[in-house]
Amino acid sequence: MAHKGKKTAVIIGAGPAGLAAAHEMQEQGVAVPLLLEESDSVGGISKTVDCGGNRMDIGGHRFFSKSERVMQWWCKVMPLQAAPAKDELLLGASPVDAVPDPQKSDCVMLRRRRVSRIFFRRKFFPYPLTLSLSVLADMGFLRAVKAALGYLAARVKRRAELSLEDFYINRFGAPLYSMFFEDYTRKVWGKHPSQLGADWGSQRVKGLSVWALLKDAMLKRGKSDIAQKSVETSLIGEFLYPKYGPGQLWEIVAGKVVEQGGTLLKEHRVERVNVESGRVVSVECRLGDGSLRTVECDYLFSSMPLKELVAAIRGIDIPEPVARVAAGLPYRDFITVGLLVDNLKIKNRTALRTYAGRVPDTWIYVQERDVKVGRIQVFNNWSPYMVADYENSIFLGLEYFCNEGDELWQMSDKDMTALAVEELSRIGVVEASAVRSGNVVRMKKAYPAYWGSYNDLAVVRDFLDGIENLYCIGRNGQHRYNNMDHSMLTAFAAVDCIGKGGSKAAVWNVNTEADYHEE
């Protein structure tokens, strides 16, 4: 596989980080990429799954970044569509420009309206929470008074931020934390927020607070600039989205990488990373047919979980603390149940215009304690082209957070679908009779977690940084809950290191600056 006269960079994983690295190193001419992907598809957790003509976005991916480099990169791969999306046309909106022929304009980014709400006590509350009269009325007088007093108390006496619970209470007060964060966080991580490190909050919601909500409400002037650089990420009103979901973009990128001389090998699971004289010299892969293959390299970019990377290293002694910390790194797994339904029981009660009175949400955060579902995606609202029969059906994605091997993970697809239908019916979102079909998708190690040996991660990082030509990129490659753009930025920084020189610290410093945060 080596290219004569050119250095080869083996890249483990064909997700956003791996594909961005491959594309970027070709653009800079620093190395020839060879991608090793364990599965039979590209995109990682950002792939799109085809469910009989209806498309499922695993986890939901808004294409928004405060990095100009990332925004330009996305729009270079997929240009921004100049006309309204299909659902806007169905509503009778006048096109800004000539409407592209769907058969000729599949490779486009749509400009989408962001609507996310919390479903709590069988009512909708905006997310992030806004302090409007309607919200206070739905909350109830006594709860509203308690929330106000709790917030004031948190401002007077701040907690030491030893846990995620401390982090939330400092920003919202104990009553609001209990109503809108505590149970959802427990669903996501399987642990109470008091058992989770504050690092998760500092990386995902560090700019969000009651003051940020008030400031956003006072300063909003209906901005149409998709960059929204002065807006907290958790408060953005618009985002870009590929016409057929995030996987469409990554499939295009993979095609470009191969066209430009790179290599993509699917169903190649890396089992060994061979090191000599402080450098990675080759990796050994297990193929889909069970055979082994050795691939030599000049550089190694790894987006595989740190736990698995350290366990795969051969040729050098791994200090006991490094092996122990890596082995103890925790993860959270993820199940999405796709339900195709005729209609929803819940209707649009917002001021937003929607097709046939449907709810406008992209995500619905389910705060109800009597169900296990954590979030509901409405794929029609991500892109109308995600649904085969947009006018007559709605495609939902119910998100369940679990651990590999637990009760949820081991459920059959049939039982998992039945659970999803029963829970939606119980909380009044759909009638069971309206459900046409179901699909189940499981994703291992979807979320690097922030407990266990995580607090000692630095010893693993220092050890891996000592291997001269190894670069750890992406969400699992750094055991950090990165957004898609953060994962890409780690790849860019790593390629810059070998192409322009620099320290590996730049790779690890992504998503530690104040500009980066997300819910």
Side-chain angles (χ1 to χ4, degrees), residues 115-217 232-236 330 332 361 363-376 399 401 427 447 449-451 454-455 481 514 516-519:
V115 181
S116 298
R117 291 185 293 172
I118 299 168
F119 198 61
F120 174 61
R121 299 179 69 241
R122 302 330 193 233
K123 295 180 180 180
F124 279 107
F125 294 84
Y127 181 86
L129 200 63
T130 58
L131 302 179
S132 64
L133 291 176
S134 62
V135 168
L136 295 175
D138 285 341
M139 193 182 296
F141 177 75
L142 289 178
R143 282 190 178 86
V145 170
K146 287 181 180 178
L149 294 175
Y151 174 69
L152 291 174
R155 303 310 297 167
V156 171
K157 186 177 181 181
R158 293 180 63 83
R159 292 175 169 227
E161 292 190 353
L162 304 178
S163 70
L164 186 57
E165 180 175 65
D166 298 326
F167 179 93
Y168 277 131
I169 290 176
N170 279 345
R171 284 154 183 78
F172 296 95
L176 284 176
Y177 153 74
S178 178
M179 281 187 273
F180 296 113
F181 296 98
E182 184 176 16
D183 290 313
Y184 177 74
T185 302
R186 182 156 31 192
K187 285 182 183 180
V188 173
W189 296 110
K191 289 181 177 289
H192 190 268
S194 62
Q195 298 175 281
L196 301 174
D199 283 13
W200 187 87
S202 67
Q203 289 180 12
R204 301 293 289 185
V205 291
K206 57 173 156 274
L208 190 60
S209 64
V210 169
W211 169 242
L213 297 173
L214 291 170
K215 185 173 69 172
D216 180 72
E232 298 292 349
T233 300
S234 292
L235 301 177
I236 63 166
R332 194 74 165 143
D361 306 77
W363 265 322
I364 298 171
Y365 293 81
V366 182
Q367 186 73 4
E368 306 291 27
R369 297 178 178 180
D370 58 338
V371 291
K372 294 179 180 178
V373 62
R375 280 190 313 201
I376 303 169
E399 301 178 356
F401 308 95
I427 62 177
Y447 301 119
Y450 289 67
W451 64 81
Y454 166 78
N455 289 331
Y481 195 171
Y516 291 100
H517 32 75
E518 177 60 292
E519 69 272 21

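Because the structure is a prediction, the values reported are computed rather than measured.
- Scanning all heavy atoms of the two residues, the minimum distance from Gly150 to Pro175 falls at CA-CD, 3.6 Å.
- Between Tyr177 and Phe181, the gap from one ring centroid to the other reaches at least 6.0 Å.
- Residue Ser163 comes nearest to Pro193 through the heavy atom pair CB-O, 3.7 Å, listed as atom of the first residue, atom of the second, then distance.
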| field | Residues Ile364, Phe124; criterion side-chain contact (heavy atoms from CB on, under 4.5 Å); working and verdict | value | CA-CA 9 Å; Ile364 298 171; Phe124 279 107; 3.9 Å; yes
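- At a threshold of 4.5 Å between non-hydrogen side-chain atoms, the residues Arg375 and Lys187 do not count as touching.
- Distance check: Phe119 CZ to Gln367 CD gives 12.0 Å after rounding to the nearest 0.5 Å.
- From Asp138, atom CG reaches atom NZ of Lys123 across 5.0 Å, with rounding to the nearest 0.5 Å.
- Note that CZ of Phe180 is 11.0 Å distant from CZ of Phe172, once rounded to the nearest 0.5 Å.
- Taking the side chain as every heavy atom from C-beta outward, Tyr184 and Val366 never approach each other to under 4.5 Å.
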| said: Between Trp363 and Glu399, does the side-chain contact (heavy atoms from CB on, under 4.5 Å) criterion hold? Intermediate values first, please. | reply: CA-CA 10 Å; Trp363 265 322; Glu399 301 178 356; 3.5 Å; yes
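- Of the possible donor and acceptor atoms, none in the side chain of Arg369 sits under 3.5 Å from a partner among the backbone N and O of Asp183.
- Counting only heavy atoms from C-beta outward, the side chains of Ile169 and Glu182 never approach each other to under 4.5 Å.
- In terms of modelled atom types and a separation under 3.5 Å, the side chain of Asn170 and the main chain of Phe167 share no donor-acceptor contact.
- The closest side-chain heavy-atom distance from Gln195 to Glu165 is not below 4.5 Å.
- Residues Lys146 and Met179 fail the side-chain proximity criterion, which asks for heavy atoms closer than 4.5 Å.
- Taking 4.5 Å as the limit, some side-chain heavy atom of Tyr168 sits within range of a side-chain heavy atom of Thr185.
- Of all heavy-atom pairs spanning Arg332 and Val188, the tightest one is NE-O, 2.6 Å.
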| Test log, rule side-chain contact (heavy atoms from CB on, under 4.5 Å), inputs Leu176 and Met139 | CA-CA 10 Å; Leu176 284 176; Met139 193 182 296; 4.1 Å; yes
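- If you take CG on Leu196 and CZ on Arg186, they are separated by 10.5 Å, rounding to the nearest 0.5 Å.
- The shortest distance between side-chain heavy atoms of Phe401 and Trp189 does not fall below 4.5 Å.
- Under a 4.0 Å N-O distance rule, the pair Arg171/Glu161 qualifies as a salt bridge.
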